[in-house]
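This report concerns only the one structure given below.
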There are 2 protein chains.
Amino acid sequence: MRSISDVIEAHLKRLIDTSEGGVAEVQRVQLAETFRCVPSQINYVIQTRFTVERGYLVESKRGGGGYIRIQRLFVDPDNAWLMELYEEIGEGITQTASEGMIYRLQEAGKLTLREAELLSALIHRQTLALEVNDRDRLRARMMKRVIAILLKEAGGEPRAL
Amino acid sequence: MRSISDVIEAHLKRLIDTSEGGVAEVQRVQLAETFRCVPSQINYVIQTRFTVERGYLVESKRGGGGYIRIQRLFVDPDNAWLMELYEEIGEGITQTASEGMIYRLQEAGKLTLREAELLSALIHRQTLALEVNDRDRLRARMMKRVIAILLKEAGGEPRAL
DNA sequence: ACTGTTATTAGTCAAGGATAGTCAAGATCA
DNA sequence: TGATCTTGACTATCCTTGACTAATAACAGT
């Protein structure tokens with residue numbers, strides 16, 4: 001059975017594939033009207049189909065002129081290991097494990113020395129200053145965001161920007 | 001999709017960028033007429049887009065011959081402004097204010113575009129995902145760490161960015 | 001000159017409008 | 001029967017509008 005979610009998913013994928021740069025920008029209400037569903041259905045589709053694990057990055061803005069933007073990530077063989085790293089993180093990650101990842105990312109040329117330095121400072125337990133479980137979960141969210149951004153650039157050299 | 005506020009912001013930025021000395025001087029009513037909005041909309045744009053955090057100084061005068069003058073602040077060569085920025089943060093800082101600072105740090109060449117992007121993602125409320133007070137306090141610690149690192153570097157020879 | 005009045009600006013604030021997000025209950029499917 | 005999907009009430013965020021306020025200039029009367 002092809003659910004309405006599947007239809008919306010297909011529609012968005014087509015938008016992304018036919019666009020330049022692999023980006024689709026839509027308005028939630030308008031999309032919901034097109035497919036005659038409630039707006040929150042769109043969120044459901046995005047949360048289940050356009051995750052980083054599936055190779056997409058989603059940004060949005062509320063209020064007047066609001067939008068939802070879905071961008072395809074470059075998950076080619078060259079940076080498939082980034083995706084593995086992403087999945088490895090899970091719900092929580094320790095400072096030591098994060099530092100290891102940051103080091104690897106830098107060695108692989110995915111992060112500059114300075115980016116690595118900034119990141120290390122930010123994920124440090126003294127900076128986060130929360131109870132250990134919350135801390136590890138927060139650090140996981142941070143590391144995941146970073147890797148998702150790295151996946152936006154297809155094996156690109158970090159200094160070029 | 002773009003809101004009228006975005007359009008007005010872009011217009012003012014262009015005025016500033018094409019001027020000598022980085023100053024734009026406009027009349028509120030006239031600008032409002034140009035973009036067919038109420039005058040107070042101009043105040044909204046200025047209050048949300050041309051803040052001190054972003055490195056702008058706004059002066060105005062009422063009455064006949066009144067005006068609004070927006071000036072881009074220049075950074076002093078000895079990085080004293082970084083220290084001021086650090087002190088401005090205090091115990092907590094909002095996402096909007098942080099984004100303003102990151103914007104300015106990038107404009108001033110203290111952060112690369114990518115560093116700014118990573119940082120913005122890291123201080124985003126969705127990444128932090130804490131109750132608003134804890135969130136603002138954590139964000140303050142993060143921003144302070146970043147600026148501390150920039151200050152440390154400022155002591156040595158200027159960085160190649 | 002001085003003083004008061006009017007015209008001409010800009011500022012403030014709160015309400016309303018326009019988006020999107022969250023969550024959990026109910027419906028449907030495999 | 002458990003997983004997935006659908007729905008809607010409630011929330012969060014950002015933008016727009018307009019009534020009211022405040023400051024400054026211009027002018028008129030003395």
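All figures in this text were calculated on a predicted structure; none of them were measured in a lab. Sequence lines set the chain letters: A, B, ... in the order given, protein chains first and strands last, and positions in each chain run from 1.
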Do A/Ser3 and A/Asp6 have side chains that approach each other closer than 4.5 Å (heavy atoms only, starting at C-beta)? yes

Assuming nearest nucleotide by heavy-atom distance, tell me which of B/Gln126 and B/Ile68 is located more 5' along DNA chain C. B/Ile68

Near DNA chain C, under 4.0 Å by heavy atom, which residues of residues 23-32 of chain B? B/Gln27, B/Arg28, B/Val29

Residue pairs, two or more places apart or on separate chains, that pass salt bridge (charged side-chain N to carboxylate O under 4.0 Å, His left out) and touch residues 26-46 of chain A: none

Do nucleotides 9-18 of chain D as a string where each nucleotide becomes B, S or -: B if the base has a protein heavy atom under 4.0 Å, S if just the sugar-phosphate does, - if no protein is that close. ---BBBBBBB

Take atom OH of A/Tyr67 and atom P of C/dG21, then tell me their distance rounded to the nearest Å. 11 Å

Taking B/Thr34 for the side chain and B/Gln30 for the main chain, is one N or O donor matched with an acceptor at less than 3.5 Å? yes

Those residues at least two apart in sequence (or on a different chain) that pass side-chain hydrogen bond (donor to acceptor under 3.5 Å, both in side chains) with A/Arg139 are A/Asp136

Polar side-chain atom of A/Glu131 near backbone of A/Asn133 as donor-acceptor pair, under 3.5 Å: yes

Can you check the A/Ile42 CD1 to C/dA20 C1' distance for me, whole Å? 11 Å

Kindly say whether A/Asn79 contributes a backbone atom to a donor-acceptor pair with the side chain of A/Asp76 at under 3.5 angstrom? yes

Rounded to whole Å, the CD-P distance (B/Gln47 to C/dA14) equals 13 Å

Given atom CG of A/Asn43 and atom C1' of D/dC5, what is their separation to the nearest angstrom? 14 Å

Using only heavy-atom distances, determine whether the side chains of A/Glu99 and A/Ser120 contain a donor-acceptor pair under 3.5 Å. no

Among pairs that include at least one residue of residues 52-67 of chain B, which meet salt bridge (charged side-chain N to carboxylate O under 4.0 Å, His left out), considering only residues two or more places apart or in two chains? B/Glu9-B/Arg54, B/Glu59-B/Arg69

In whole Å, what is the span from the CD atom of A/Glu59 to the C1' atom of C/dT19? 17 Å

By salt bridge (Lys or Arg N to Asp or Glu O under 4.0 Å), B/Asp17 pairs with (sequence neighbours left out) B/Arg72

Output the rounded distance in Å from CZ (A/Phe35) to C1' (D/dT6). 16 Å

For A/Arg69 and C/dA20, give me the distance from atom CZ to atom C1', rounded to whole Å. 14 Å

